[in-house]
There are 4 protein chains.
Amino acid sequence: MGLKERREREKQARRESILVAARELLHQKGINGASMNQIAKKAELGVATLYSYFTNKEDLFLVLQQEGLDLLREQISEALEGISDPKIRLKTIAFSFLEFSQKRKNYYYIINYFISSPEILFESTLKDQIDLQAERALSVANAVITEGIETGSFINQNTKRSAVTFWALIFGLTQFKKLETTILRDDNHTAIFEHSVDQFIRSISV
Amino acid sequence: MGLKERREREKQARRESILVAARELLHQKGINGASMNQIAKKAELGVATLYSYFTNKEDLFLVLQQEGLDLLREQISEALEGISDPKIRLKTIAFSFLEFSQKRKNYYYIINYFISSPEILFESTLKDQIDLQAERALSVANAVITEGIETGSFINQNTKRSAVTFWALIFGLTQFKKLETTILRDDNHTAIFEHSVDQFIRSISV
Amino acid sequence: MGLKERREREKQARRESILVAARELLHQKGINGASMNQIAKKAELGVATLYSYFTNKEDLFLVLQQEGLDLLREQISEALEGISDPKIRLKTIAFSFLEFSQKRKNYYYIINYFISSPEILFESTLKDQIDLQAERALSVANAVITEGIETGSFINQNTKRSAVTFWALIFGLTQFKKLETTILRDDNHTAIFEHSVDQFIRSISV
Amino acid sequence: MGLKERREREKQARRESILVAARELLHQKGINGASMNQIAKKAELGVATLYSYFTNKEDLFLVLQQEGLDLLREQISEALEGISDPKIRLKTIAFSFLEFSQKRKNYYYIINYFISSPEILFESTLKDQIDLQAERALSVANAVITEGIETGSFINQNTKRSAVTFWALIFGLTQFKKLETTILRDDNHTAIFEHSVDQFIRSISV
DNA sequence: GATGAATGAGCCTTCATTCAT
DNA sequence: GATGAATGAAGGCTCATTCAT
């Protein structure tokens, strides 16, 4: 029994070390620089071992994305702790996402990779998993908006639509971060971000 | 004399056929599927021929994106003809973009690709060119909002920020189109889109 | 245990077969004909396999040359066994080289290739390695001449210069072997070679 | 008639401009960097034009080599002017060659290329031409040695063999020039060169 | 006679994946 | 269960050469 458990723990550890290596490479060399061989080398494992833990490269990356989204959710949860005003809660979500995109670039890239790829690229099983994740992300905003409506902070209107709008806005704004050294050089990206989010919140507030 | 012209026309045609093939592949197989060899095969040309029309892959992709943005601008311009109300003009831009993303998928995808790629991927020269293009796109919304402020339709506030918010929103929303068969299956993407855009316009209106 | 050893032996064998193929191609088709792809094909291996044995083409060629020089040194050593007269020893070296150039054409050609290439072709790392090898080759003649001086056979003069002269002469003469069917057709290359070497030895003898 | 002549002159000029471009590129980028396309561009001519003046790349390079050898002969002739002592004449030839290898690197490389390539690479016609050139080069030394014998400066022995030895020596020594920054760093290449040549001359002197 | 456009074959190298051990 | 060796396919790109005009 103890043996079985130890084995299980070792397996998990090995699995995790693969993911660690993958994330690191992803961050260092971008999506194309993170090859299976390099991940294996970095994780100090045989290449074939990777394939006994993950079906293929895409699968590995999907898990990475899920981890990323889990982490994101966690960070948002933590950030929301102790905050009760729905408006501030919404703003907090937005800034958590922005912060995540900067501090966890490697995770952000991979999430972004899956969001931005044309649908065609993924088979339906994979796509379903991605969407499931997306749904969970959406639901966070959904919940806050619902609370806001219930507590009388927000106008009573289609919650899901508002949540979608919210995410679309902050996702779009975050993408534009990379323009800050060129097009947006005469302004401050964070300020724009805040401005936009505030405006959105105001627009759904009573 | 006529001969020279004909040759010139043929060259342009061939150049265009390369771009068409590239766009198609990019849309169908993603960035990794759009290799120079594949493009050449699809265009029914030798690989080396591609290199006599474009310096390298990066150059080709840049031209691809520029053409896409030119077309987008053109379509927006046409759509705006005869419309004078700034609110409607703004909405028209939004829907032109949505329509473009659906009817000109190949063009849309390449634009999207450049927006969504992590900065690292491009050398500065290319990035600058891309940003230049993005700036021109931004300026369309900018102009409309300025008009709106001047004619008293819109609140007098930082125009550029509003334009950025506007684009971020519709860009994000358009990305979510691909969720319409899953997460958004209980609603209509176009309806959500319209709802969001309306809400944005209202939020900057007097 | 025996398994590990066998594997190791197999790896060495495969490595060697790559070198054999490379040498053969280099000799048959010249440097431009000895591409990694061709070598792989000749060795009946996948291209990628070559890269798991050698870092890159340059590395492979370096090893190739080192092996060649090792073999040459070995042959010279063997030929020198039991011979004590410095004059004969020097002559033996010369003829060992000539013999090597004929019997081990593949090896000879690669050495020749590295000597004859314009400096520009190699990065400094490679060049340094080559020179290190060349130095070892030079030292063989150096030693013999030093002995000769000590034993009173040769005039006491700058040893290194004599060694360089010696190698320059026999290297140049060996290159001219290929002229034997045309320019030198009225004489015998080996005879010329011997004549020249004798004359050189005489010129440094007391 | 004048027209015909002018055409002929133009043709020659164009031919020469190709060779000029080729030589320059050869010098700048080495033997592999001098591609037909680049030569054409540098000569401001169409690629196909090159092929109407030269059968193929090898042919062009052969002509280049011939030009090089002509130039070498010319330089040697000039250097020999006014010198009558056969010993000094021989030394002058040697130093002319060394100087040529340094001051006319581009020419020297290409001559070297043809000398050092394995025989196999060239078809017999080409090889014959190369050898013809080599023979002419050889004959210069031949003549001087013959004079020396006649005037009592040199020992009466097989002239041709001496000439071959002479060329082999200076060719070998010149090749070793590239070792001067490494193996020969504690001596001076020119000094070694002179030492060796002097020794050779002494060895054939009465 | 001169040309520029076109090209297939080839370059070196890396990739995701498999399989015998 | 873990692995290292092997690999065909493919990547971007350049080449010498041809051919219609």
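So you know, we letter chains A, B, ... as the sequences are listed, proteins then strands, and number each from 1.
Listed in residue order, the members of residues 15-23 of chain A having a heavy atom less than 4.0 Å from DNA chain E come to none.
Picking from dA16(E), dT13(E), dT17(F) the nucleotide with the shortest atom distance to the side chain of Lys57(C) gives dT13(E). Which of dC12(E), dA16(E), dC15(F) sits closest to the side chain of Ser35(D) comes down to dC15(F).
Scanning for salt bridge (Lys or Arg N to Asp or Glu O under 4.0 Å) contacts around Lys57(A) gives an empty result, with sequence neighbours left out. Partners of Asp70(B) by side chain to side chain donor-acceptor pair (under 3.5 Å), not counting sequence neighbours, listed by chain and number: Arg73(B). Partners of Glu24(A) by side chain to side chain donor-acceptor pair (under 3.5 Å), not counting sequence neighbours: none found. Scored by the side chain to side chain contact (heavy atoms under 4.5 Å, CB included) test, Ser52(B) finds Thr49(B) as partners (sequence neighbours excluded). In this view, Tyr108(D) satisfies the side chain to side chain donor-acceptor pair (under 3.5 Å) rule with no residue, not counting sequence neighbours. Every residue two or more places apart in sequence or in another chain that forms a side chain to side chain donor-acceptor pair (under 3.5 Å) with Glu10(D) is listed here: Arg6(D). Residues satisfying the salt bridge (Lys or Arg N to Asp or Glu O under 4.0 Å) criterion with Arg23(A), sequence neighbours excluded, are Glu16(A), Glu67(A).
Across all their heavy atoms, Tyr51(A) and Thr55(A) have their closest contact at CD2-O, 3.5 Å. Between Lys11(C) and Tyr53(C) the shortest heavy-atom distance is O-CE2, 3.5 Å.
Here dT13(E) presents its C1' atom at 14 Å from CG of Leu60(C), a figure rounded to the nearest Å. Between the C1' atom of dA16(F) and the CG atom of Leu25(D) lies a distance of 15 Å, rounded to the nearest Å. Rounded to whole Å, the distance from CD1 on Ile39(C) to P on dC12(E) is 8 Å. Spacing between atom OH of Tyr51(B) and atom P of dC11(E) amounts to 17 Å, rounded to whole angstrom units. Between the CD atom of Glu58(C) and the P atom of dT13(E) there is a distance of 9 Å, rounded to whole Å. Atom P of nucleotide dT18(E) and atom CG of Asn56(A) are separated by 9 Å, given to the nearest angstrom. Phe54(D) has its CZ atom 13 Å from the P atom of dT17(F), to the nearest Å. A straight line from NZ of Lys41(D) to P of dA16(F) spans 13 Å, rounded to a whole angstrom.
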Classify every nucleotide of nucleotides 1-8 of chain E by which part a protein heavy atom approaches to under 4.0 Å, writing B for the base, S for the sugar-phosphate alone and - for neither, in 5'-to-3' order. -SBBBSBB
Dot-bracket, DNA chain F: Watson-Crick or G-U, under 3.5 angstrom, [ ] crossing, | other strand? .||||||||||||||||||||
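Counting only heavy atoms from C-beta outward, the side chains of Phe54(D) and Arg15(D) approach each other to under 4.5 Å.
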Show me, pair by pair, the donor-acceptor contacts under 3.5 angstrom made by side chains of residues 35-47 of chain D, not counting sequence neighbours?
residue  : atom : partner  : partner atom : Å
Ser35(D) : OG   : Gln38(D) : N            : 3.2
Gln38(D) : OE1  : Lys29(D) : NZ           : 3.2
Lys42(D) : NZ   : Gln28(D) : OE1          : 3.4

